[in-house]
Amino acid sequence: MAIVTTPKKACAVNPLKMSQPIGGAFAFMGLRGAMPLLHGSQGCTSFGLTLFVRHFKEAVPLQTTAMSEVATVLGGYENVEQAIFNIYNRAKPEIIGICSTGVTETNGDDVDGYIKLIREQHPQLAKFPLVFVSTPDFKDAFQDGWEKTVACMVDVLVEAPVGAERDPARVNVLPGCHLTPGDLYELRTILEDFGLKPSFLPDLAGSLDGHIPDEFTPTTIGGIGVDEVAGMGRSSWTIAIGAQMRRAAEAMQAKTGVPFRLFERLCGLIPNDEFIAFLSDISGRPVPAKYRRQRGQLADAMLDAHFHVGGRKLAIGAEPDLLFDLSSMLHEMGAQVTAAVTTTQSPVLERIGTNEVLIGDLEDLEELAWTRNCDLLITHSHGRQAAARLKIPFYRAGFPMFDRIGAGHQLSVGYRGTRDVIFNIANLVIADREENHQPTPDSWRTSRQPLKPSRRSFIASTEESIA
Amino acid sequence: MAIVTTPKKACAVNPLKMSQPIGGAFAFMGLRGAMPLLHGSQGCTSFGLTLFVRHFKEAVPLQTTAMSEVATVLGGYENVEQAIFNIYNRAKPEIIGICSTGVTETNGDDVDGYIKLIREQHPQLAKFPLVFVSTPDFKDAFQDGWEKTVACMVDVLVEAPVGAERDPARVNVLPGCHLTPGDLYELRTILEDFGLKPSFLPDLAGSLDGHIPDEFTPTTIGGIGVDEVAGMGRSSWTIAIGAQMRRAAEAMQAKTGVPFRLFERLCGLIPNDEFIAFLSDISGRPVPAKYRRQRGQLADAMLDAHFHVGGRKLAIGAEPDLLFDLSSMLHEMGAQVTAAVTTTQSPVLERIGTNEVLIGDLEDLEELAWTRNCDLLITHSHGRQAAARLKIPFYRAGFPMFDRIGAGHQLSVGYRGTRDVIFNIANLVIADREENHQPTPDSWRTSRQPLKPSRRSFIASTEESIA
Amino acid sequence: MSSLSATIQEIFNEPGCAKNANKSDAERKKGCTKQLQPGGAAGGCAFDGAKIALQPFTDVAHLVHGPIACEGNSWDNRGAASSGASIWRTGFTTDMNETDIVFGGEKRLYKAIKEIINKYNPPAIFVYQTCVPAMIGDDINAVCKAASQKLGKPVIPVNSPGFVGPKNLGNKLAGEALLEHVIGTQEPDYTTPYDINLIGEYNLSGELWQVKPLLDELGIRILSCISGDGKYREVASSHRARAAMMVCSKAMINVARKMEERYGIRFFEGSFYGIQDSSDSLRQIARLLVERGAPSELIEHTEVVIAREEARAWAAIEPYKPRFAGKRALLITGGVKSWSVVAALQEAGLELVGTSVKKSTKEDKERIKQLMGQDAHMIENMTPREIYTMLKNAKADIMLSGGKSQFVALKATMPWLDINQERCHAYMGYVGMVKLVEEIDRALFNPMWEQLRRPVPWDEVAKNRQKAIAQMDAQAAAVAADPETTRRAKKVCFCKEVDLGTIEDAIRSHGLTSVEAVRQHTNAFGGCCKRRIEDILAKMPASSPLAMLQAAE
Amino acid sequence: MSSLSATIQEIFNEPGCAKNANKSDAERKKGCTKQLQPGGAAGGCAFDGAKIALQPFTDVAHLVHGPIACEGNSWDNRGAASSGASIWRTGFTTDMNETDIVFGGEKRLYKAIKEIINKYNPPAIFVYQTCVPAMIGDDINAVCKAASQKLGKPVIPVNSPGFVGPKNLGNKLAGEALLEHVIGTQEPDYTTPYDINLIGEYNLSGELWQVKPLLDELGIRILSCISGDGKYREVASSHRARAAMMVCSKAMINVARKMEERYGIRFFEGSFYGIQDSSDSLRQIARLLVERGAPSELIEHTEVVIAREEARAWAAIEPYKPRFAGKRALLITGGVKSWSVVAALQEAGLELVGTSVKKSTKEDKERIKQLMGQDAHMIENMTPREIYTMLKNAKADIMLSGGKSQFVALKATMPWLDINQERCHAYMGYVGMVKLVEEIDRALFNPMWEQLRRPVPWDEVAKNRQKAIAQMDAQAAAVAADPETTRRAKKVCFCKEVDLGTIEDAIRSHGLTSVEAVRQHTNAFGGCCKRRIEDILAKMPASSPLAMLQAAE
């Protein structure tokens, strides 16, 4: 339904987008004993690291090849070699995942070639798991980095099954980067309640759910092990969540023959009906009573919330899969998706229930929300300035969420997760109505809503009000 | 540690307290096919009904003996008889639970006598479950009504076990009225994860969790059945939650010999450690990995949140068990319980980590919060006016919560529930700091905090600001 | 007590009440409400009714004399709006305890009044009597009188304990308290020929302010609104108004009639719900004022405003009409709304399939017939179960009612709109009507309903599986006990419904080559089987041409 | 590029830098930072450093020329506070795409500058160079120059691509940009003998405002703060100040020294962390101003203020000192803070068990020795693992550091306080010192730590059970297969650890009468057994006197 457009601006203002190398590094954080490594100047790593630390409030492993100006000119082989060596010796990881950056891609470093050479030169590394993904900063976005990296992991780490039988209970899950550790926990519980044994690739729930390890470790403190990844070919099914995971799911099928089912969304009643029906189908088990109850609770939550969510004009900025998921769910509750901004292309965009999806920035989102009188803003924490200027309620969704705690536990999948999202959004709307929209003797003095001018100078006009 | 005081006021202002008959009726709502019946004038029922409906956003069964002025003078036998008959014939309940009110207690109606007479006169009612509790409005509070009613249910409905063996897996759970349907679900899941089969008395999770029944029914749409209650004597253990449940637990032990363990709190790390250890002990099963993980997540949440919660000056108003639970948890996180107000006496009050607990109203709480510069208010929804005047963040806890949706799903028990509460409160504090406490060039102009006068005229002074 | 009984009798005799006019003397004595049925009653008591009627006076302290239930269970639960004062939202109660019951609560009441004056100093205090102090004989009239004198502040007794009757009786008892103790006790600063009273309007969700701008524009002053956004001084001096409108409710007909009797203030009963009714009401106000001496241009001005507002409103509603074509509404409300809202909904193009007339007068019913035709479905008394069934069977597309019955509609997954006191939207006047239409549209066309009405898809899955399992069981019974059988009995699916032998046999005997074909022949249906059947097919010897043919089917 | 190299070489030669003074020429050429180690580096790049130094100018638009990573991953992540303008918090970037890489990004950059001026019209734009455009040869100096001329607005190139070096080099390159393009380009409206510059102060969490009231009281005007809460016009006219303070950081020593050189503005390096340091800094400011012509009373006034503030602060800290007795702090921070905060903590009565000196100069280290004694534990380079171990072993009671290392402390369940840029509390001046003490106290004495350090109680339970199960297993192996055995083998506990026969035997052979005794003899330990053992005891024949005796034990 929606037309996807890209505004013609030379200057991105208040970026919604983050770079794809850190999206790639993020995927590696879902492997056990992993050390993600950005091949670039140390700032590339430092910014990414800070972003993850502020979101998860956790120590986050992320290293750099520390490319200097001179190294850039000469080519990065030595830096890659040294970095792998230093990490291998000091952090004793089980895997190193390497993502390129703008600097090294501009330079044309052949990292796959470097790795081959390093393995040849250093026999102790001959079989050590090293995965490289090409993720230039000047193309695509965070979600793309994740997408490519997971597909790469499948290519490099999963073994084609030889002879061994498939385990009918074993299921692969390929979650998109829009799912939180809390979401992954919920999915694991659901799958296990059907007697299934899921392998999540990657599994951020194991590494970034915020738990306290007994020992200090410089690598990831959990996640899926390389050995378990290798054996994913013996699963009966692959469940991919989010359109971004189609690539990895297809790679898995091509390599191992494991069929996949793609769930583009898991927030909302109908998507979860389909998900649960599928699980019942592949497991051969009836749906546990618990989920019938949770479904009823969700339906009831929708009834309670539709008075508040219905008719709201929604401005939402998020990466494609999250945008599609949340905006579809809210559209189905009667909200109007009035302004939608995203970071990168995706086949789901045109199916979003709105007229137009912009590949743009938070300035675009703010401008649209202003001129179209939106009354609810949904985006990541960087939207906080816009929300304050727009004076409309702000629901934080996506990465990063640095100005609240518990980001890793935010839940949106399953009947229960959907229910929680609906309650939280409806309560935001209720609070806003109470605080800012109580009727006064003048509320209906003129019944016409003033048309808002374009917001060319909105920052200047609010200079004083926001210190 | 705390001294419990009662202010000498003739006029309660902005009541914190609700009446005990509706606390009793509330307990009956956790039985399947139940119709609670207040013996009093119809207003007694109507107010209670509205309160429950606004809190749960559910149809709520609650009937009245509709005592008129004349009936009051003549005595209520006829009204009780007619009410039971009408309900029995029309609503086809499995049980009717009767609570007296101020009117009928002042009058001295002997309802136990009435019931005996009714059973004699109407053989079809001879064995029909009827439970009566004496709950005059002019004594005690909501929590007391619940406490007495559950104890009464045990006395009347539970059968002394004859010969039959105890079921080692079966466990009775007697939850206090401060637990939500969401809390009960969580407890059920935890108990079942240890292989235990819990019977909750009462079980509001079955009736008021907000689900959609297939058929219309004028009675409760779920809850524990009278038959299951009758068999509770065959359980191996009784778990009572909240000091208010000691009475029922003792009644259960006296009648059936089932030993009990009382957990005064289930919000907080240590209380849950004890709870989980106990479950592992009585079930003979090791603690599932899930709970080790949840424990770690809670510990991590405490670490993340203590920066924000630590040192906060807390004003909290709640019924004794909820007050004890929440204030202890926050005290243990480094918050200062600066003002504490409750509704009725309880042995836990003196163990609250503060100097003084007032049996009072929301005017007292507001006054104390004002003079003692509290920066966080916790109480039920009626605290909203005080929070707006005090201009401090407001966390809604307890019954009623009529100005937000999802009240029935608010979770505070278990590692997970504690974690959610901590995140929610910390995020309220963070939001408040961002919105209202950003430093300005004048923040430190004078380093002395102004002493606040008592708030005799606080309402007048805010007349204009709150429309 | 005796004075209270007298007051109640007087109310039962209310000559302004159309319903009363048709009753015999004996009937009238029994009162204007049905006897309450124990175990089958719903709705508030007289105290509740009195509080509803008076609490919207915003600068008054409302003190409830009784045990905690009466105020503790009910305060801060009304959606009336205030343009200034907020003390009306503060809950005051004597919270009587056991000692008070034994020794009487009068002393505590007096002290409570004094505390309120000391701490909050409102212009007046309304003291509400409740059942328990009424039973034990607390004389609130005497206490209020003494307090007024000693403390120099109006302290008004509202003698309406819950057990004397239902909510509507309480409304009238509240009116009596105003008539006896408040109205006419002060004088307005000035008067104009355009001064009116609104009686029985509570400014719920601020809806009065949807109409007030029009009155302002016409120069008409609301001298006193009883009681929405009202102030004590205004009602105390309301006897100087030139005309009054009894808004959409007979709740305080005694006030309107007695003020006409005592002060010559003529009144009419009108409604601001719906376009036609709003216009009619504006016309009537203008007419009454002109009759009492306002310049006659007022009538023309009013017509100009009406024409403009009607045009605006119709234009705003127009786009919705085709959307509402054929949509049926069920209206469950009381009294005047049973017809005033009917008219409003019909204006928007909705079909009315029924309206409740439980609390309606004969006159009300006549108006319904006028609006809906002779065979109007007037619902005398519908149980929740009946409403549920009606909605579940889709006999209506939307229900409009008060908050308590909302769950009947919602649990039947049918749209519902609140038109009683707890709603958060205001629906009065022309803008309110447009808002109502918008909200109905929003409710009717919310895509959520379609989702909620779909059957749970797993039930379908489960049914299929049941069938499959039954057939499997039959086959399994035939399996004997040798090694090959064991190999063949190995389950192919995780769901353990199909064994290897069955599939091998099917492939062999029918020469199957595709998973689809195997499914047809074995009733293996599931997802997880697919891959494994493919594996088996791959290991089996090549099929015969016949099989190829079959597979192509 | 060549001009950038020259600038960098010049910075390496910085004569104002004490560290440099001790180096050979060859050493100096290599630069003042260690070579970064691939796979072992942490910390920001030169671009990061430049942005940190300049972004606190609040009315300037900060435009990052590069691919999305440089701004998209990092914007709005600093806690500097503004008293007015907010455009500094807006993220601007050219978000270079593949086409720009191929054809060059200069055109996009120019258009971006134009868009910003059209939409936001700030008094100036700072343009930051990053690695990729530097590699492909985008000449931002030229673009900025052209834009300045055409668009009539200062557009300042900040030539500090990430790969030229670490954060502290970026700070200095930012300083060079100011020196070359900004400072001295405008004149202040007026000057006073009390005008000073603050250099290297970023007003994190508004901490500048903890000191500014004292300067205001003394009549001292901050002509320009570089860069906290700074405005473009202020820094452009900062060359008219009479004195400067280099605040707690050598980050922009080049700015301080060159401004002294060019404009004769004498400066000193000082700190506002801690009571003594705050007093010293105020004294130095007064002294420098008086030397440049301010009236000499300023010195006395300053002493009066110092005396008053010190007294207040000491009084506020006093109650904490006994609480801090014996408490040990570990300080992991850089540069000047390694001693200025040490002093502050010692003032509060804390013992310092170590301070990191990774980024400290020889001079810094001397000061640490003065403060902590000759055997001060100066930590050159401590890995997170070492810090974790140190804390886990309780060698310190609290750690103070920057945000990134916080989790090392927290995961060791040790109190931690943020003293770097991301903290939400301000710790400068006298009030800040008191705040720091309060926060340390709050962190140290939070009752949470005790809970978090307790062992998980179930581990204890589990250990006991393991033992019990092992013994049960041994007993179970002895069980034969007749009906009585079956009866006796029935498990008594839900946990299935003890069978009936075992218990009966134990009771019989030892004549037991109490649950406790049964437990001792059977290793049945659990909760659920208790009731059932009681039942068994009740059914067994009465015990012998000997058994009674045993039970009484």
Side-chain angles (χ1 to χ4, degrees), chain A residues 9-15 17-19 21-22 37 41-44 46-51 53-54 57-59 63-69 72 79-80 82-87 90 101-103 106-107 137-139 141 212-213 216 218 382 385 402 456-457 459-460 462-464 466-467, chain D residues 36-45 47-48 63 66-77 81-87 89-98 100-101 108 111-112 115-116 119-121 131-132 135-136 161-164 166 384-385 388-389 403-404 407-408 411:
Chain A
K9 300 201 296 191
C11 183
V13 184
N14 294 336
K17 184 168 64 171
M18 277 147 293
S19 74
I22 63 167
L37 172 64
S41 101
Q42 72 168 345
C44 304
S46 163
F47 287 139
L49 188 62
T50 303
L51 202 59
V53 168
R54 293 177 83 206
K57 321 281 183 232
E58 291 291 323
Q63 263 300 342
T64 175
T65 57
M67 294 291 284
S68 68
E69 193 176 3
T72 307
N79 287 58
V80 173
Q82 275 186 46
I84 289 174
F85 242 79
N86 282 331
I87 294 167
R90 289 194 206 151
T101 63
V103 181
T106 303
N107 214 38
D137 294 305
F138 45 75
K139 273 177 68 178
I212 300 186
F216 182 85
H382 281 302
Q385 295 185 46
F402 50 75
R456 278 283 161 257
S457 56
I459 295 219
T462 53
E463 283 292 66
E464 287 81 350
I466 299 146
Chain D
L36 298 171
Q37 198 184 34
C45 60
F47 157 67
D48 193 12
L63 169 60
I68 193 66
C70 308
E71 181 70 356
N73 298 356
S74 76
W75 71 287
D76 195 16
N77 72 353
S82 165
S83 59
S86 69
I87 193 171
R89 286 183 70 198
T90 303
F92 295 103
T93 177
T94 49
D95 184 9
M96 293 174 79
N97 61 29
E98 234 174 339
D100 298 320
I101 308 300
R108 177 184 283 271
K111 278 170 68 186
E115 281 177 16
I116 293 171
K119 282 196 274 192
Y120 299 90
N121 197 27
C131 302
V132 170
M135 285 174 72
I136 64 172
F163 57 21
V164 302
R385 197 195 297 264
Y388 178 86
T389 309
K404 274 182 204 159
F407 304 104
V408 176
K411 299 272 170 178

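A quick note: this is a predicted structure, and the numbers were derived from the prediction, not measured. Residue numbers start from 1 in every chain, and the chains themselves are labelled A, B, ... in the order their sequence lines are given, proteins ahead of strands.
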Side chain, backbone, both or neither: which part of D:Asn97 has an atom under 4.5 Å from a heavy atom of chain A? both
Has D:Asn73 got a side-chain atom pairing as donor or acceptor with A:Ser19's backbone, closer than 3.5 angstrom? yes
Mind checking what makes side-chain contact (heavy atoms from CB on, under 4.5 Å) contact with D:Asp48, not counting sequence neighbours? A:Ser46, A:Phe47, D:Cys45, D:Ile52, D:Arg78, D:Lys167
Just so I understand: if I count every heavy-atom pair under 4.5 Å between each of D:Gly162, D:Gly66, D:Ala69 and chain A, which residue has the most? D:Ala69
Heavy-atom count check: over 12 atoms from other residues, nucleotides or ligands less than 6.0 Å from D:Lys111 NZ? no
Under 4.5 Å from any heavy atom of chain D - which part of A:Ile22: side chain
Candidate list A:Thr106, A:Asp137, A:Val103, test side-chain contact (heavy atoms from CB on, under 4.5 Å), partner D:Pro67, passing option: A:Asp137
Pairing residues for A:Pro15 by the side-chain contact (heavy atoms from CB on, under 4.5 Å) criterion, not counting sequence neighbours: D:Ile68, D:Glu71, D:Trp75, D:Thr93
Tell me, for A:Pro21 versus chain D, whether the close heavy atoms (under 4.5 Å) come from the side chain, the backbone, both or neither. neither
So for A:Leu49, is it side chain, backbone, both, or neither that comes closer than 4.5 Å to the heavy atoms of chain D? side chain
Measuring heavy-atom distances to chain D, does A:Lys17 have an atom under 4.5 Å in its side chain, in its backbone, in both, or in neither? both
So for D:Glu115, is it side chain, backbone, both, or neither that comes closer than 4.5 Å to the heavy atoms of chain A? side chain
CD of D:Gln37 to OG1 of A:Thr65, rounded to nearest 0.5 Å, is 12.5 Å
